[in-house]
K.L.:
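Got a structure here, written out as structure tokens. Questions coming.
A note on names: the letters A, B, ... follow the listed sequences, proteins ahead of strands, and every chain is numbered from 1. The basis for the numbers below is simple: all heavy atoms, side chains too, and nothing from hydrogens, waters or symmetry mates.
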There are 2 protein chains.
Amino acid sequence: MPSNAPRPSDPSRLVSLLWEPSDRPGRTGLTKQAVVENAIAIADAEGIGALTMRRVADRLGVGAMTLYTHVPGKPELVELMIDAVAGEAYADGALPGEQDGWRAGLRHIAERNWRHHLRHPWTVEVVPGRPVLGPGVSAKYELELAPLDGIGLSDLEMDQVLCGVLALVESTARQQVGLDRVRAGGGDLDWWATVSPALARSMSGSRFPLAERVGAASGEAVEAGDPHAVMRLSLELLLDGVAGRLR
Amino acid sequence: MPSNAPRPSDPSRLVSLLWEPSDRPGRTGLTKQAVVENAIAIADAEGIGALTMRRVADRLGVGAMTLYTHVPGKPELVELMIDAVAGEAYADGALPGEQDGWRAGLRHIAERNWRHHLRHPWTVEVVPGRPVLGPGVSAKYELELAPLDGIGLSDLEMDQVLCGVLALVESTARQQVGLDRVRAGGGDLDWWATVSPALARSMSGSRFPLAERVGAASGEAVEAGDPHAVMRLSLELLLDGVAGRLR
DNA sequence: TCGATTGTCCGTACAGTGTACGGTACAACG
DNA sequence: CGTTGTACCGTACACTGTACGGACAATCGA
């Protein structure tokens, strides 16, 4: 992005872009929706780094610059993508508010968000800015607040507990995505086998007794433990904490 | 990154790179350490997106390709950067293991990591792959395990609780960094003022009663709440949960 | 003291990026 | 049948990471 003075990116324009469903197909039948869907397909398969205006255009059989009549620019395209996939999270009808109690509701939220991040790994790659105030994100927020409503939390606490759970899931999913990526990238199934001798040679002298003992317990040797297990344990601890405050 | 087949990136080479302090200055006095330090300075000030091999080289007064005799490539440079800053986290001597009890220890860890991420915002921008097994990261891990040792947790639980706390901090810090970024970027102090009318117009019809009520409570209107507050509350809840398991 | 070798330095080149600009061509309207 | 608006897009620009090969300095063996 060589533009030294980046485009201003009008926020209210983005809001109408997010909510406007009326997207008349142009001469070639191209719609904003099609642009967003194809961008999501690329990012899902190869990560946000592979998402390129030219590649989206190629998939759609149009010139690169044509995209700019449907979408203001790449950052806005990414926000549209975020809102679009947010709408899918509870599309199958198993809503958080319908679970058996607030604990089950929050567990459901955590698992759904985990799946969501793994299905769309680029969602943990983009650094969030302002919240994306589109229909998908709004509906998701509404559904996820439901299990927390009326159990004795203030409105502020409801928001903060939900945010805490989502933060936990996002960060652990991020690690999982990174791990999947390096594993898929090269034949480093033997990563530890190749690293271990060099590490032992280098570390001789400096000693990390706790790190070695605990690292060994966590997964095979020093390799990072399962992020999903971390997420589930931390979630249960957090839920225990919530239960304590309700009593 | 136009190389369709990315460099293999030998992991054991990286390990020796991480641990080797012997970095003979070349003809121009350039060292690996200097490369890493200047890269950190750029990324600290302008984010990982502004970190460019040419910019690092310019700061050092050498040609771009010269960097490649000290560092295998950009990904490896980033890993070196991560290990280098990890070493600073407890450089002032206030160690987690010296705090008054495991709760205070974990709180100290959380606050130090929060500060760490805000000081080096790019640490929440890079997607982690394999753990960076350098001296800085290893020492940090060792220090952070200390308050959890001997309080009744298994080795695996120690690792998972620590990871959970760090995950919470990372994700909330990420949000804070994003918020800081957009606030610094443009004069959108009036972001909500400009977005609000367009949003009200767009949302007419679809109704999100919970989202509106709770969103209003969380910060000014629908704006996202304070990430640091989310982190602290969630941390306390998580610590309550840990306390429950110990009893 | 003199090659030979080794490792540091770097100019050039290539394939790729987001998007500003200006032009073309088609659909709808008067 | 103009005229107009807008969808489309070719070209250009400044920028990226790094492969390649050459130039220079220092060190070593004889």
K.L.:
With a 3.5 Å cut-off and just heavy-atom distances, do the side chain of B:Arg54 and the base of D:dT18 make a donor-acceptor pair?
P.N.:
yes
K.L.:
Taking only the side-chain heavy atoms of B:Pro75 (C-beta and beyond), determine which of D:dC8, D:dT18, C:dT19 contains the nearest atom.
P.N.:
D:dT18
K.L.:
Please give, in whole Å, the distance from C:dT19 C1' to A:Met53 CE?
P.N.:
8 Å
K.L.:
Taking NZ from B:Lys32 and C1' from C:dG7, how many angstroms apart are they, rounded to a whole number?
P.N.:
16 Å
K.L.:
Between C:dA20, C:dG18, C:dT12, which nucleotide has the shortest distance from any of its atoms to the side chain of A:Met65?
P.N.:
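Shortest atom-to-atom distance from the side chain points to C:dA20.
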K.L.:
By the definition side chain to side chain donor-acceptor pair (under 3.5 Å), identify the one residue from A:Lys140, A:His120, A:His116 that meets it with A:Glu88.
P.N.:
A:His120
K.L.:
Taking atom P of C:dG11 as reference, at what distance in whole Å does atom CG of B:Leu67 sit?
P.N.:
12 Å
K.L.:
Tell me: NZ of A:Lys74 to P of C:dA20, nearest whole Å?
P.N.:
14 Å
K.L.:
Heavy atoms only: give me the nearest B:Ser234-B:Leu168 pair and the separation to one decimal.
P.N.:
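Scanning both residues completely, I find the closest heavy atoms to be CB-CD2, 3.5 Å.
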K.L.:
Rounded to the Å, how far apart are B:Leu60 CG and C:dC10 P?
P.N.:
11 Å
K.L.:
Rounded to whole angstrom units, what separation is found between the CZ atom of B:Arg55 and the P atom of D:dT18?
P.N.:
17 Å
K.L.:
Find the bend of the helix from C:dT1-D:dA30 to C:dG30-D:dC1 as the angle between its two terminal axes (five pairs each), to the nearest 10°.
P.N.:
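Inter-axis angle at the termini of the helix from C:dT1-D:dA30 to C:dG30-D:dC1: 10°.
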K.L.:
Tell me: CG of A:Asp58 to C1' of C:dG18, nearest whole Å?
P.N.:
15 Å
K.L.:
Scan B:Leu51 against the nucleic acid and name what it touches under 4.0 Å (heavy atoms): base, sugar-phosphate only, or nothing.
P.N.:
sugar-phosphate
K.L.:
Ignoring backbone atoms, test whether B:Thr69 places a side-chain nitrogen or oxygen under 4.0 Å from the OP1 or OP2 oxygen of C:dG7.
P.N.:
no
K.L.:
So, is B:His70 near the phosphate of C:dG7, with a side-chain N or O under 4.0 Å from OP1 or OP2?
P.N.:
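No, B:His70 has no side-chain N/O under 4.0 Å of OP1/OP2 on C:dG7.
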K.L.:
Do A:Arg207 and B:Glu142 sit within salt-bridge range, that is, some charged N less than 4.0 Å from a carboxylate O?
P.N.:
no
K.L.:
Starting at the 5' end of DNA chain C and moving along, which residue's nearest nucleotide shows up first, B:Thr28 or A:Arg27?
P.N.:
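This one resolves to B:Thr28.
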K.L.:
Show the numbers, then the answer: is there a side chain to side chain donor-acceptor pair (under 3.5 Å) between B:Gln33 and B:His70?
P.N.:
CA-CA 9 Å; B:Gln33 188 129 337; B:His70 297 266; over 6 Å; no
K.L.:
At under 4.0 Å between heavy atoms, what does B:Thr66 touch on the DNA or RNA strands: base, sugar-phosphate, or nothing?
P.N.:
base
K.L.:
Could you tell me how far apart B:Tyr68 (OH) and D:dG21 (P) are, to the nearest whole angstrom?
P.N.:
17 Å
K.L.:
Here's a test for you: under side-chain contact (heavy atoms from CB on, under 4.5 Å), which of B:Leu17, B:Leu18, B:Val36 qualifies with B:Asp83?
P.N.:
B:Leu18
K.L.:
I need the minimum non-hydrogen distance between A:Ala50 and A:Ile42, along with the two atoms involved.
P.N.:
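Reported closest heavy-atom pair: O-CG2, 3.6 Å.
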K.L.:
Measure the shortest side-chain to side-chain distance between B:Arg130 and B:Pro11 over non-hydrogen atoms and say whether it is less than 4.5 angstrom.
P.N.:
no
